[in-house]
Protein chains: 2
Amino acid sequence: MTSNPNWFTELSDSGTIFGLELTEAAKIHEEQTPFQKLEIYDTTTFGKLMTLDGCTMVTTRDNFVYHEMMSHPVLFSHPAPKRVCIIGGGDCGTLREVLKHPEVESAIQIDIDERVTRVSEMFFPELCESNNDPRATLAFEDGIAWINNAEPGSLDILIVDSTDPVGPGAVLYSEEFFRGCWRALGENGLLVQQSESPLVHAAKIIKPMHDTMRKAGFSDIQLHQFQQVCYPTGWWSCTIAAKSGSIAFTREATAQTLSFPTSYYNAEIHRGSAALPQFLKAILA
Amino acid sequence: MTSNPNWFTELSDSGTIFGLELTEAAKIHEEQTPFQKLEIYDTTTFGKLMTLDGCTMVTTRDNFVYHEMMSHPVLFSHPAPKRVCIIGGGDCGTLREVLKHPEVESAIQIDIDERVTRVSEMFFPELCESNNDPRATLAFEDGIAWINNAEPGSLDILIVDSTDPVGPGAVLYSEEFFRGCWRALGENGLLVQQSESPLVHAAKIIKPMHDTMRKAGFSDIQLHQFQQVCYPTGWWSCTIAAKSGSIAFTREATAQTLSFPTSYYNAEIHRGSAALPQFLKAILA
């Protein structure tokens, strides 16, 4: 069934394993950045694979789902998404999707590790094709400090394109961080953050995260589900939180006649991904 | 990260691997049936796992998604689903979901391998809890022959809960088989069949399958996506085909006030799972 004995495999703490078959080339890049071990593999069917400290971050084949779902639902929910900030997202795929929206006037991406971006430019050039957009700023510094120092009310959209809530990523799920996000957002401001697997993390991560967001001042919360094959269980989610008022599909008409190409997102997917299965409704109630 | 070196892993021809961590007990049952090798494993986080010839069929933890999506969308799309037939489905999980509908008067499950059902009764008793329902018939014979011999127009719903379209399963994706299904269905009859992974099988399996269904006489086709973690890529689908007319969410009002418990399905999920991502729309156009 497999022509090559080389596989990249990742064990998750949910008792599952996911792996991708590698070409003869196998690992094609490896470096220890000031922050983490960064590796690039060449797979037989998923294109390039980037891992950080052994955890799958992005593949050529399936990153479109994650990047589109981290950007378009939240941007089409805001009446006028002009000022966007991305915390993390060093592979630049989310930035590319954000800049597809003509309404966006400025988008700053703040990833602490510049090497993630530089290596992405080499191995995932398609994700970096908007890095030179005049509206884009690439900053390489601590995103949490940046948020805490941001001018209050200065952002319309804040996208936390972060790692898992373990180790250094744990602070991104804290009430203090969410308070900082709330403060940095303007009147109709929306936050979106990746929120792990509905099947295995609903009670342990998603529910506490939503409770913490509410404690930090967010007035409404909406979960979107999607398939992210290369992440543990392949069943993934992001969570949108509103600074005030309710989350609505505010610019649905614009989404129905998309002015730019997408591979995953459309208006029906926007509505459909917000439908929650019964078990998840019960846990999040 | 893992407490036990035992893992069940399945390589797929899409260049991916999925695995589940096993308890100390590891493999708890193994037999060669007249048709296939049947094994049961005990996993640390997904309960029991059944494999046939090494391929994952069902786990305790995530089978609810598949079984609910193979039954409720099609049953709530039919105005009066009284006579139901399930081809395959020997684990009896689909039968259980079908029999939750009070409108169903008879449901026959036709799996060629009686051992699948007998072993399910031992290790997945919750899936078999409706096997003694007076409306249920369990037949152990060739489902294709059964369909070909069925009285024309004798079924409202036909559920093909089958294996992959390789080897003995290939015939279940043939025009001849679909013609037999079309003939066996009544006026408002609906067929549903599992249709593999939208990410990796859209062009090679799903599109040809839809084309073949149309050639066989089916008038409308609707794909539903869902997450089936234990199947290759975890991104799965089923396809509903109408004998005549269009597929609609005919009994939406009933689905909105469900009279029975579900873990995954609800009316919003019904609509949401029918939303297709852009790339899939393009392939299936």
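Quick note on labels: first sequence line is chain A, next is B, and so on, each numbered from 1.
- Among residues two or more places apart in sequence or in another chain, the salt bridge (charged side-chain N to carboxylate O under 4.0 Å, His left out) test is passed with A:Glu97 by A:Lys100.
- Heavy-atom pairs under 4.5 Å with chain B were tallied for A:Ala275, A:Gly15, A:Gly234, A:Gly272; the largest tally goes to A:Gly15.
- Put simply, of A:Ala274, A:Pro277, A:Pro198, A:Ala282, the one with the most heavy-atom pairs under 4.5 Å next to chain B is A:Pro277.
- Only the backbone of B:Tyr265 has a heavy atom closer than 4.5 Å to any heavy atom of chain A.
- Using a 4.5 Å cut-off between heavy atoms, B:Ser14 contacts chain A through its backbone alone, with no side-chain atom that close.
- Contact annotation: the side chain of A:Val200 approaches that of B:Arg61 to within less than 4.5 Å [non-hydrogen atoms, C-beta and beyond].
- Using a 4.5 Å heavy-atom threshold, the side chains of B:Phe279 and A:Val65 count as separate.
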With side-chain contact (heavy atoms from CB on, under 4.5 Å) as the test, would you mind laying out the steps for A:Leu20 and B:Thr16 before giving the verdict? CA-CA 5 Å; A:Leu20 291 169; B:Thr16 60; 3.8 Å; yes

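- Within a 6.0 Å sphere centred on NZ of A:Lys27, other residues, nucleotides and ligands contribute more than 12 heavy atoms.
- Among the candidates B:Asn266, B:Thr262, B:Asp62, B:Thr43, the residue making the largest number of heavy-atom pairs closer than 4.5 Å to chain A is B:Asn266.
- No option in A:Arg271, A:Lys281, A:Gln278 other than A:Lys281 meets the side-chain contact (heavy atoms from CB on, under 4.5 Å) test with B:Glu268.
- The aromatic rings of B:Trp235 and A:Tyr264 sit perpendicular to each other, their planes meeting at more than 60°, with 30° as the lower class boundary.
- Between B:Ile17 atom CD1 and A:Phe8 atom CZ the span is 11.5 Å, to the nearest 0.5 Å.
- For B:Thr9, the part lying near chain A is the side chain, with the backbone staying farther off; criterion is any non-hydrogen pair under 4.5 Å.
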